[in-house]
Amino acid sequence: MPVHNAEIASVFREIADLLDLEQANPFRIRAYRNAARTVEELATDLAELIAAGKELPRLPGIGADLAGKIREIATTGHCATLDQLRKAEPPGLVEFLTLPGLGPKRAKAIYDELGVHTLNQLHRAAKDHRLRQVAGLGEATERRIIEAIEARAGKPVRHKLSVAAKIADSLVALLRGAPGVRTVEVAGSYRRSKETVGDLDILVGADKVNEVMDRFTRYDEVAEVMARGPTRATVMLRSGMQVDLRLVPDEVFGAALVYFTGSKAHNIAIRRRAQERGLKISEYGVFRGTRRIAGSTEEQVYRAIGLPWIAPELREDQGEIAAAEAGALPVLVKLADLAGDLHCHSRATDGHNTIREMAEAARAIGLSYIAMTEHSRHLTVAHGLDPRRLLRQIDEIDRLNENLSGITILKGIEVDILEDGRLDLPDDVLGRLDLVVGAVHSAFNLSRERQTKRVLLAMDHPHFTILAHPSGRLIPERQPFDLDMAAVVRHAKARGCFLELNAHPDRLDLLDTHCRMAKEAGVLVAISSDAHRTFDFANLRFGVGQARRGWLERDDVLNTRPLARLRTLLKRTM
Ligand code: DGT
Ligand code: CA
Ligand code: CA
């Protein structure tokens, strides 16, 4: 079985963790961690290069020793160093290290201090809130550990949309390449752009059914073929993603696509509507008696029950059927509608590229402006900017703007909203910026009342423009914090501020329901990448998907405006 970069990276990570347990040389540990990141982010498959007898590319931080290990892992699937290190530690502890969110120090503390020696004991200890007795461990880690252990025990797991997208993209490419294939559509929650996906549901229209089935079940990421029939198959991929594939005849492709796109609630609602009209609707078509009156396209299916086509992102039985009936469906915002991006970082703080590189990458995907919004000093882990460094960056941006064509860099900041609602930088500095994106990065556990007051106070600040990732959630590990979003939306309207929809796949925050609240209140939403490297602009697609789930149209989105219009909107009048 071929080894992929992600697996090489995870071997390196485990080695680093085990070396850390042994209190080995920190430089050696860091070298493994950096190598893991480098390998993981590489676009080319290293095992493939090696199998093809090619030289490994020269990679930063990967010398002869690590290159040798890459070879060893890629060709044998094992790593002698790792095996040795594993033998030196108790097996329970080695297992703890494979859980997300449990680093070596904490794992060892749990093992030694709490006398917790197996995964079962760890699960119990987390449920009983005993892990908190270890310094640095809190409720969030306990919850994450419980989730990870339960996921392993076969309980359902959900995958981030970005993870699902990578898998879906490769599967679509694989299947489109099969002989006789006419159509491939990924349906289900993925097509509805839900922030997490339980499994992928793929529909294929093709002549040569067996060839498609073979190609699918022999895909090299398949860990197990769970079921295979003449027209459907289910596989488990090595990533833990389950994929259902169905071969569907052309005459009913549209009906199957509607059915398997869901949501279940939407399906039930349209079935009821069909029944009211004396029709039957199923994955095989819309029927009057035994006669099929629609099936080949989605448009036909909806038309047969008296509705215009409804975009997948709206299919949640949240009013879309009434809106369709009334001819009042929104014309949803599209990726191509975005004119710019109002939140990104550079190497000056925790980003990985220069400002110029970020600007050029944004221009390359068709944007005409970006705002640099580095972290502010309070966020020390990100090396946040103090006034002096921010002023220097302002000058740098002025110089860059003189030299760049086709893209304008706006001057901004992602300023921390402190616990009392003050902003983390002085007024005179903030006043020199084109926009101020304010963010909560600390004290997530305040009461609803205090958290809300904190955010409203920040918005009162005359220079405040956009509230970044309003709920603070991180998928899957951090729930939204307690905030009265209706009050925030009202206040944004009153103060002339905007709300961000952070497109990072770990955030997708503004939540869809809150997008709708903003739209109804007339508060514009900024769909922002929060890019930390040039290729992060690609995440905008997930932000747009989420905005569409929130019924947003082009005019509901701040950064669809051309630059001149945007500048007017950014000037606070209230
Ligand atoms: P997921 O996979 O949990 O993220 O969510 P979905 O929506 O992809 O759900 P999944 O994979 O279980 O099924 C795909 C679609 O098939 C679902 O959105 C609607 C349809 N479907 C599945 N089960 C039922 C059902 O019992 N009744 C109806 N009406 N539709 C169903
Ligand atoms: Ca699904
Ligand atoms: Ca499914």
Side-chain angles (χ1 to χ4, degrees), residues 147 150-151 154-172 175 184-204 213 216-217 219 221-229 231-237 239-248 252-276 279-287 294-295 298 301-302 304-305 307 309-318 320-321 475-476 505-506 508 511-512 542 545-546 548-549:
E147 277 169 15
E150 291 182 353
K155 297 250 176 67
V157 212
R158 301 193 63 82
H159 306 265
K160 281 188 257 193
L161 184 60
S162 53
V163 172
K166 263 199 179 147
I167 298 170
D169 288 348
S170 349
L171 278 168
V172 167
L175 294 167
V184 180
E185 291 285 351
V186 185
S189 50
Y190 177 75
R191 185 161 180 245
R192 302 197 312 278
S193 216
K194 247 191 105 94
E195 67 266 44
T196 61
V197 168
D199 71 352
L200 288 172
D201 307 278
I202 304 186
L203 303 185
V204 177
M213 283 295 181
F216 178 62
T217 54
Y219 179 44
E221 289 290 332
V222 169
E224 190 193 344
V225 179
M226 297 161 74
R228 178 172 172 168
T231 58
R232 59 170 296 186
T234 300
V235 300
M236 180 59 79
L237 301 181
S239 54
M241 176 74 85
Q242 183 181 311
V243 188
D244 285 342
L245 179 114
R246 288 183 180 74
L247 280 143
V248 181
V252 301
F253 198 89
L257 190 53
V258 169
Y259 183 84
F260 290 109
T261 297
S263 64
K264 198 167 157 179
H266 176 86
N267 287 356
I268 291 169
I270 60 175
R271 190 191 302 147
R272 202 181 316 118
R273 186 179 169 90
Q275 278 162 357
E276 284 160 12
L279 302 170
K280 248 189 70 207
I281 188 168
S282 73
E283 57 188 289
Y284 305 108
V286 184
F287 295 87
E298 287 198 325
V301 169
Y302 282 106
I305 54 170
L307 296 176
W309 181 79
I310 298 173
E313 295 90 340
L314 299 178
R315 300 183 195 170
E316 298 290 348
D317 193 23
Q318 293 292 329
E320 73 277 12
I321 293 169
I475 304 168
D506 292 353
L508 292 172
L511 309 194
D512 46 13
F542 303 118
Q546 170 98 342
R548 291 168 64 89
R549 288 181 59 79

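The shown structure was predicted, so the numbers you read here are calculated from the model rather than taken from an experiment. All ligand and atom numbering here is 1-based and tracks the order in the structure. Both backbone and side-chain heavy atoms feed into the values below; hydrogens, waters and symmetry mates do not.
With respect to atom 18 (O) of ligand 1, the closest heavy atom belonging to the protein is G262 CA, 3.2 Å. Scanning the protein for heavy atoms near atom 7 (O) of ligand 1, the closest one is R192 NH1, 2.9 Å. Remark: minimum distance from atom 4 (O) of ligand 1 to any protein heavy atom is reached at S189 OG, 2.5 Å. The protein heavy-atom contact nearest to atom 27 (N) of ligand 1 is K264 CG, 3.6 Å. The single protein non-hydrogen atom nearest to atom 31 (C) of ligand 1 is Y259 OH, 3.4 Å, given as residue, atom name and distance. When only non-hydrogen protein atoms are considered, atom 11 (O) of ligand 1 lies nearest to D199 OD1, 2.8 Å. The closest protein non-hydrogen atom to atom 14 (C) of ligand 1 is F260 O, 3.6 Å. Looking from atom 29 (N) of ligand 1 to the surrounding protein, the closest heavy atom is R271 NH2, 3.1 Å.
The angle subtended at the Ca ion (ligand 2) by OD1 of D199 and OD2 of D201 is 100°, given to the nearest 10°.
In plain terms, the two heavy atoms of A233 and T217 that are nearest each other are CB-CG2, 4.3 Å. Here the shortest heavy-atom pairing between L200 and A164 reads CD1-O, 4.2 Å. Nearest approach of Q242 to M236, heavy atoms of both residues: N-SD, 4.0 Å. Between S189 and G198, the closest heavy-atom pair is OG-N, 4.1 Å. Between F253 and V204 the shortest heavy-atom distance is CE1-C, 3.7 Å.
Within the 4.5 Å cutoff, no side-chain heavy atoms of I475 are placed close to those of R158. Using a 4.5 Å cut-off on side-chain heavy atoms (C-beta onward), I268 and D317 make no contact. Considering only heavy atoms from C-beta on, Y219 comes within 4.5 Å of L171 through its side chain. Inter-residue side-chain proximity for L161 and T196 is flagged as unmet; no heavy-atom pair is nearer than 4.5 Å. Considering only heavy atoms from C-beta on, V186 comes within 4.5 Å of V172 through its side chain.
For ligand 1, the polar-atom distance check against V197 finds no nitrogen or oxygen pair separated by under 3.5 Å.
Taking the Ca ion (ligand 3) as reference, D244 places its N/O/S atom OD2 nearest.
Contact atoms of ligand 1 toward S263: 18 (O) (distance under 4.0 Å to a heavy atom of the residue). With ligand atoms numbered from 1 in the order given, ligand 1 contributes 8 (O) to contacts under 4.0 Å with heavy atoms of G188. Atoms of ligand 1 found under 4.0 Å from any heavy atom of R158, numbered from 1 in the order shown, are 1 (P), 3 (O), 4 (O).
R549 and E316 are joined by a salt bridge, as a carboxylate oxygen and a charged side-chain nitrogen come within less than 4.0 angstrom of each other. The pair R192-E320 does not count as a salt bridge, with every side-chain nitrogen at least 4.0 angstrom from each carboxylate oxygen.
Taking a 4.0 Å cut-off on heavy atoms, H266 fails to register as neighbouring ligand 1. Ligand 1 does not have K194 within reach: every non-hydrogen atom of the residue lies 4.0 Å or more from it. Residue contacts with ligand 1 do not include L200, since none of its heavy atoms lies under 4.0 Å from the ligand.
Residue contacts with ligand 1, taken as heavy atom pairs separated by less than 4.0 Å, involve T261 solely via the backbone atoms N, CA, C and O.
Within a 4.0 Å radius of atom 9 (O) of ligand 1, the protein contributes no non-hydrogen atoms.
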